[in-house]
There are 2 protein chains.
Amino acid sequence: MHSALSELEKEVIDIFVRIAGVLSLPRSVGELYGILFISSEPMCIDDLMRKLKISKGSTSQGLKILRSFGAVNPVYMAGDRRDFFTAEAELRRIVAGFVNEQVRPQVNIGKDRMARVKELLEQEEAGRKEFIAERIERLQGWQKRANALLPFALNFIKPD
Amino acid sequence: MHSALSELEKEVIDIFVRIAGVLSLPRSVGELYGILFISSEPMCIDDLMRKLKISKGSTSQGLKILRSFGAVNPVYMAGDRRDFFTAEAELRRIVAGFVNEQVRPQVNIGKDRMARVKELLEQEEAGRKEFIAERIERLQGWQKRANALLPFALNFIKPD
DNA sequence: CAGATTGTTCAAAATTTAATGAACAAAGTG
DNA sequence: CACTTTGTTCATTAAATTTTGAACAATCTG
């Protein structure tokens with residue numbers, strides 16, 4: 001079968017499947033990005049399904065996720081009404097998209113939670129209050145530092 | 001029941017359960033660290049089981065994971081042969097432990113994989129080789145930048 | 001507009017991951 | 001040394017996540 005994955009393709013896909021795991025993304029998302037990353041030609045859903053041997057549903061959903069943070073670019077192919085995609089290869093864009101779509105929402109939830117914890121602290125009995133207050137302050141310090149690191153890390157990724 | 005979790009405890013535990021999720025650690029690990037983090041007193045396995053209403057097995061395994069990267073400190077309690085623990089509250093230590101135990105191994109596997117990909121590249125036909133070579137080089141660039149960021153991020157966490 | 005093509009959605013199935021608890025090992029105690 | 005206490009391991013169970021594929025919607029084509 002001419003659509004089988006080469007050793008090299010498998011190896012590269014494996015790398016991205018691993019990365020997907022770290023980022024808590026489905027395996028299929030890693031596979032999709034991986035195959036697009038080493039394909040010089042844009043691919044459509046059908047190409048991707050056949051190459052990766054995954055279902056149409058997975059392919060469609062996986063591409064949706066990849067588009068959501070700009071890891072994949074739609075490409076117009078003249079005379080073909082199927083949607084084609086290439087991998088976005090500029091790291092800064094992908095990371096920025098990922099941070100905005102997947103990370104920042106989480107961070108904001110963290111802030112709300114923090115506010116609620118501080119309210120609850122007031123109701124605490126005097127004995128424990130001191131210790132707990134210290135811990136909450138510490139936790140808030142961690143949050144601040146994490147937030148400060150984020151923009152720096154983004155800046156760390158220089159243009160290619 | 002006097003061992004039920006207070007609202008504040010639940011809220012703090014929720015924060016750490018969330019963090020555990022981001023780090024791909026089991027929920028129970030987040031719960032364990034969370035309850036220890038807001039407890040002024042060291043706790044033993046039995047305390048933890050009862051407080052969190054999780055099994056002995058989960059508690060034992062969870063503590064094992066937390067110890068593996070130094071997120072938890074054993075505490076000697078005179079006249080009690082059970083093992084007691086407190087939460088390590090110095091962020092730098094926890095992050096350093098986590099990076100050494102959970103992150104670096106992955107990064108090294110990544111390096112091996114990269115080497116294999118470069119071997120396979122040689123067998124590629126001339127036409128595609130050029131494009132693929134560019135992609136692999138790019139991927140390697142990403143890896144380098146990620147590796148460079150790690151020590152910086154560690155340094156970013158100043159002593160408390 | 002009837003039929004074909006393409007992409008999306010979502011309930012059900014398959015897979016993966018985590019939690020449970022009983023069996024076991026280790027170490028203390030009298 | 002028999003008995004208790006404590007912690008770990010691991011096969012099984014339970015829960016969470018991912019994938020599948022058929023139904024559907026949207027769009028094109030002649």
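Basis for what follows: all heavy atoms, side chains included, without hydrogens, waters or symmetry-related copies. Quick note on labels: first sequence line is chain A, next is B, and so on, each numbered from 1.
By the side-chain hydrogen bond (donor to acceptor under 3.5 Å, both in side chains) test, A:Gln123 is found to be paired with no residue, residues two or more places apart in sequence or in another chain being considered. For the side-chain contact (heavy atoms from CB on, under 4.5 Å) test, residues two or more places apart in sequence or in another chain that qualify with A:Gln143 are A:Lys111, A:Met114, A:Gln140, A:Asn147. When the side-chain hydrogen bond (donor to acceptor under 3.5 Å, both in side chains) test is applied to A:Glu88, the partners found at least two apart in sequence or on another chain are A:Arg93. With sequence neighbours left out, the salt bridge (charged side-chain N to carboxylate O under 4.0 Å, His left out) criterion links B:Arg67 to no other residue.
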Under 3.5 Å between N/O atoms: give me all the protein pairs with nucleotides 3-7 of chain D, atom names plus distance.
unit_1 : atom_1 : unit_2  : atom_2 : d
D:dT5  : O4'    : B:Arg81 : NH2    : 3.1
D:dT5  : O2     : B:Arg81 : NH1    : 3.3
D:dT5  : O2     : B:Arg81 : NH2    : 3.4
D:dG7  : OP1    : B:Asp83 : N      : 2.4
D:dG7  : N7     : B:Lys56 : NZ     : 2.9
D:dG7  : O6     : B:Lys56 : NZ     : 3.2

Output one line per pair: protein atom, nucleotide atom from nucleotides 10-17 of chain C, and distance, for all N/O pairs under 3.5 Å.
unit_1 : atom_1 : unit_2  : atom_2 : d
C:dC10 : N4     : A:Gln61 : OE1    : 2.8

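Among residue pairs with one or both ends in residues 50-85 of chain A, those qualifying as ring-ring contact (aromatic ring centres under 6.0 Å, His included) are A:Phe69-A:Phe98; sequence neighbours excluded. Among residues at least two apart or in separate chains, ring-ring contact (aromatic ring centres under 6.0 Å, His included) pairs with a member in residues 11-46 of chain A are A:Phe16-A:Tyr33, A:Phe16-A:Phe37, A:Tyr33-A:Phe37, A:Phe37-B:Trp142. For residues 104-124 of chain A, no residue pair satisfies the ring-ring contact (aromatic ring centres under 6.0 Å, His included) rule, not counting sequence neighbours.
In the region residues 16-31 of chain A, proximity to DNA chain D at under 4.0 angstrom, judged on heavy atoms, holds for A:Pro26, A:Arg27, A:Ser28. A heavy-atom distance below 4.0 Å to DNA chain C is reached by none of the residues of residues 100-110 of chain B.
Each end of the helix from C:dC1-D:dG30 to C:dG30-D:dC1 gets its own axis, taken as the rotation carrying the C1' atoms of four end pairs onto the next four within a five-pair window, and the two axes meet at 0° to the nearest 10 degrees.
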